[in-house]
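The structure under discussion appears below in the form of structure tokens.
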Amino acid sequence: MIADEASRLKALHSYRILDTDPEQAFDDLTLLASQLCGTPRSR
């Protein structure tokens with residue numbers, strides 16, 4: 001793991017947003033953004 005990745009994960013843990021229940025509205029938004037930008041998304 002690179003240093004930036006460790007910092008990113010630390011920040012995500014501090015926000016308490018990991019391991020939350022799925023949110024369809026957020027999933028829809030990220031799908032739309034990935035289609036508009038032509039980028040993949042992870043699940």
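All residue numbers in this chain count up from 1 along the given sequence. All figures in this text were calculated on a predicted structure; none of them were measured in a lab.
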* **Atom pair NE2 (His13) and CG (Asp19), whose distance is rounded to the nearest 0.5 Å** => 8.0 Å
* Considering residues, nucleotides and ligands other than Gln24, do more than 12 of their heavy atoms fall under 6.0 Å from its CD? -> yes
* **Interatomic distance, Ile17 atom CD1 to Phe26 atom CZ [nearest 0.5 angstrom]** => 7.5 Å
* Under 4.5 Å between side-chain heavy atoms, hopping through other hydrophobics if needed: is there a path connecting Leu31 to Leu36? -> no
* Do the non-hydrogen side-chain atoms of Arg8 and Asp4 ever get within less than 4.5 Å of each other? -> no
